[in-house]
Amino acid sequence: MLKLMNADENKSKRLVSLMKKRGFIQPAFELYGGVAGLYDYGPLGGRLRRNVISKWINHWISLGNIVEIDSPTITPEPVLKASGHIGAFNDYASECKFCSSIYRSDHLLEEVHNNPDSLDNLSLDEELSKHKIPCPSCKKSGWLPSEPLNLMFSTTIGASKGGRRAYMRPETAQGMFLQYPSIYRHFRGKLPFGAVQVGKGYRNEISPRQGMIRLREFNMAELEYFIDPQKDIDYNLNSWDHIELKLVPDPINGEIKELKCTIYDAVENKIIRDKTVGWFMIKTFELMIELGINSDLIRFRQHETDEMAHYATDCWDLEIFGSYGWIECVGIANRGCYDLEAHQKVSKTNDLKAWRDYENELEIDKIICSPVQSIIGPHFKGKSKLISNHLETLDALEIKFPYSTTIDGEEITIEENMVEIKEVKSIERGEWFTPHVVEPAFGIDRIIWHILEHSYTEISKENDDYYTILALKNKICPIDFSVYPLFEKDGLDEMAKKIIFSIRDIKGINVNYDGTKSIGRRYARGDEIGVPYAITVDHQTLEDNTVTLRERDSQEQKRMHIEDLLKFISQY
RNA sequence: GCGGAUAUGGUGAAGUGGUAUCACCUGAGGUUUCCAACCUCAUGUCGUGGGUUCAAUUCCCGCUAUCCGCACCA
């Protein structure tokens, strides 16, 4: 496999050149020297990206219980504190007092400490001064207190000094969690349901590498699927029995082993711990094939327990093989109720819950102490509300009067005449609970990169070592049809333009005209950017209204009447 | 972040202390009856800031970016 990668190295260089040359992908801000980790999509890449995103959204929306939402990228600090992004994502950095160089605190201590990664900021500072760690750059020893090295871009909301601290979101998921009440209402409380969001995410990587693979600003597409953990849903997993997935399970019981099996078996045999995760895995696999990823180059890898993010309980990555090796492109995680509960706790609301009907109604007979407000009110004044609440929690059968307790730091006594012992009947039909969340999170840029890599084919033609075909799938490709007049004279060019106008009337089709240079070159130009079909207008067209339709991948041509062509295109 | 290498039209490359060459691509014209043909012409380049110098794309230093290791990240 290593040999294969080396052989492909030049090929992948030629792909990068092509991407730049033809306007798919290029480093951003090149006029100003460029910025690592930031990329532009060009005239063709922009449309490619749009097509991938549309396909992604439709794939999920068509399930019927998924909606699309959108939320801001600028996120106030408390949100990210609640979600755990501030804290868990952090490493500490120390600044040299003398030369202002900044280093990761734990890295400075590597020589003198076994596991500096585990230290908190105070211990880090202590160790640094105890061992008189010198600055690698100026060799003096003296460090300012370590600060969290945050991988998020920070900003301030509001221009004045009192502005609120905020960050560019590191994932789109939080937007879906915060919109949960609205989504819950939309579906009128019927779980399971989900929401998707496509947008930019930001991570201030220390050193982005590997081209499009690690970006500082990237396109993410995330789906949050809210489920009742107690309800067993039948996903009909055996309807995918014709597909064998490559799985690399958590090596918790031994060495890493890749195995092949159907999604049904993987869930049955508990290789995949969560059925819903399994369902999303196979749905995601389907989507990848539709987008043009080579199915042989896809595998799922389960996160090892210590590798799992702070929120997840089970997590599988969809990895795609390309010139950078196996790259994680989708993460499918069961996040449990972590996020919703965290936000409920911090924001002090009760709104992030769902209602579950009991199978059988529960009749509950209770004997309670009902406070007599006309006595308690005047007697305890401001404290009366707290006292009433307390009384309602007591078991009336056990209580003896006068009853003493401490409320709000004060000893109080309840006399018998302050309460009324009542028998109440209540019927409980269900309960509130916090839904669990299964999240498939897609790195769109990484997927696009691999679509391009897997589509990129070089064949040899006479006099041509590298004839390039970008075998993009229909409707993913930026341009769907090209119309070429054999020559731009004798009215062929006008005929071609007439045909283009009729094609443009068909919705959603992007058609392109090219009339310069030889016909062979124009086919080559089209093949190179993945135009699936070329329509050629020749002299015969003027006589009998027929054109030739050339297929990109087979390079075969068929002559057909313009009417039939338009019919073909409208069904394309 | 550390170590090494690199930066020349859109792409891929050559070259020089006196402002740069080639191929492909692109555009115009000609030619051409279906797969990167040919002819003529044309457009377009020394990453960036500073230093040395009469003169720097070339030499030196800083910065930025890219590639390869290591580390980090997922």
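As the structure is a computational prediction, the values presented were derived from the model and not from experiment.
B/U48 atom C1' lies 17 Å from atom CZ of A/Phe29, rounded to whole Å. Rounded to an integer number of Å, the gap from A/Gln210 CD to B/G69 C1' is 13 Å. In this structure, CD of A/Glu488 is placed 16 Å from P of B/U33, rounded to the nearest angstrom. Across the protein-nucleic acid pair, A/Leu31 atom CG and B/C46 atom P stand 12 Å apart, rounded to whole Å. Here the C1' atom of nucleotide B/C73 and the CE atom of A/Met212 are 18 Å apart, to the nearest Å. Note: CD1 (A/Ile519) to C1' (B/C38) measures 17 Å, nearest angstrom. Straight-line distance from the NZ atom of A/Lys20 to the P atom of B/U45: 16 Å, rounded to whole Å. Taking atom OH on A/Tyr324 and atom C1' on B/G69, their separation rounds to 16 Å, with Å as the unit.
Cation-pi geometry between A/Lys11 and A/Tyr456 is not satisfied (NZ or CZ under 6.0 Å from the ring centre, within 45° of the ring normal).
B/U33 makes up no base pair with any nucleotide shown, lacking Watson-Crick or G-U wobble contacts both under 3.5 Å. Across all strands shown, B/A23 forms a Watson-Crick or G-U wobble pair, both distances under 3.5 Å, with B/U11. The pairing partner recorded for B/U66 is B/A5, the criterion being a Watson-Crick or G-U wobble arrangement whose two distances lie under 3.5 angstrom. In this structure, B/C72 makes no Watson-Crick or G-U wobble pair, since no nucleotide meets both defining distances under 3.5 angstrom. Pair assignment for B/G18 gives B/C54, based on Watson-Crick or G-U wobble hydrogen-bonding distances that are each under 3.5 Å.
Residue A/Tyr484 is classed as having no contact, given no heavy-atom separation below 4.0 Å to the nucleic acid. Backbone-only engagement by A/Thr516 is indicated by non-hydrogen atom pairs under 4.0 Å involving sugar-phosphate atoms exclusively. Base engagement by A/Gln555 is indicated by at least one non-hydrogen atom pair under 4.0 Å involving a base atom. Among the heavy atoms of the strands lying under 4.0 Å from A/Ser17 are primed sugar atoms or P, OP1, OP2 only; no base atom is included. A/Gly443 comes within contact range of no nucleotide atom at all, as no heavy-atom separation falls under 4.0 Å. Across all strands, A/Glu30 comes closer than 4.0 Å to no nucleic acid atom at all (heavy-atom distances).
B/U43 and B/U52: their P atoms are spaced 37 Å apart (whole Å). Comparing the C1' positions of B/U8 and B/A65 gives a spacing of 16 Å, expressed to the nearest Å. Rounded to whole Å, the separation between the P atoms of B/G62 and B/U6 comes to 15 Å. Here the separation of B/G49 from B/U64, taken at their P atoms, is 15 Å to the nearest Å. Comparing the same atom, C1', in B/U45 and in B/G15 gives a spacing of 14 Å after rounding to whole Å. To the nearest whole angstrom, the two C1' atoms, one in B/A14 and one in B/C22, are 7 Å apart. Between B/C24 and B/C61, the distance separating the two C1' atoms is 37 Å to the nearest Å. Nucleotides B/C68 and B/G44 place their P atoms 34 Å apart, quoted to the nearest Å.
Here A/Tyr484 and A/Tyr523 bring their ring centres to under 6.0 angstrom of each other. For an aromatic pair to be called close, the ring centres must be under 6.0 Å apart, and A/Tyr225 with A/Trp60 fails this. A distance below 6.0 Å separates the ring centres of A/Trp326 and A/Phe321.
The side chain to side chain contact (heavy atoms under 4.5 Å, CB included) test with A/Arg14 is passed by exactly one of A/Leu18, A/Val16, A/Asn10: A/Asn10. Screening A/Asp314, A/Val248, A/Leu247 for a side chain to side chain contact (heavy atoms under 4.5 Å, CB included) with A/Gln302, the sole residue that qualifies is A/Asp314.
With hydrogens and angles ignored, a donor-acceptor pair closer than 3.5 Å exists between the side chain of A/Gln557 and the base of B/C34. Judged by distance alone, with hydrogens and angles left aside, A/Arg214 brings a side-chain donor or acceptor within reach of the base of B/C72, the pair sitting under 3.5 Å.
Dashed line: the shortest gap from a side-chain N or O of A/Lys21 to OP1 or OP2 of B/G10 is not under 4.0 Å. Regarding contacts with the backbone of B/C34, every side-chain N or O of A/Thr536 stays at 4.0 angstrom or more from both OP1 and OP2. Proximity of A/Arg525 to the phosphate of B/C25: no side-chain N or O atom is located under 4.0 Å from OP1 or OP2.
Of the candidates B/C35, B/C73, B/C34, the closest approach to any side-chain atom of A/Arg550 belongs to B/C35. In the set B/C68, B/U26, B/C35, B/C68 carries the atom at the smallest distance from any side-chain atom of A/Arg209. Among B/C70, B/A36, B/C34, the nucleotide with an atom closest to any side-chain atom of A/Arg521 is B/A36. Comparing B/C73, B/A36, B/C34 against the side chain of A/Tyr467 picks out B/A36 as the nearest. The side chain of A/Ala36 lies closest to B/U66, out of B/U66, B/A71, B/A36.
Using cut-offs of 30° and 60° for the angle between ring planes, the A/Tyr533 and A/Phe481 rings count as parallel.
RNA chain B is contacted by both A/Lys517 and A/His539; A/Lys517 maps to the nucleotide lying nearer its 5′ end (nearest heavy atom per residue). Between A/Lys489 and A/Ala524, the residue anchored nearer the 5' end of RNA chain B, judged by the nucleotide with its closest heavy atom, is A/Lys489.
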Run the numbers on A/His303 and A/Asp250 for side-chain hydrogen bond (donor to acceptor under 3.5 Å, both in side chains), then give the verdict.
CA-CA 6 Å; A/His303 278 212; A/Asp250 183 357; over 6 Å; no
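B/U19 takes the syn form, because its glycosidic angle lies no more than 90° either side of 0.
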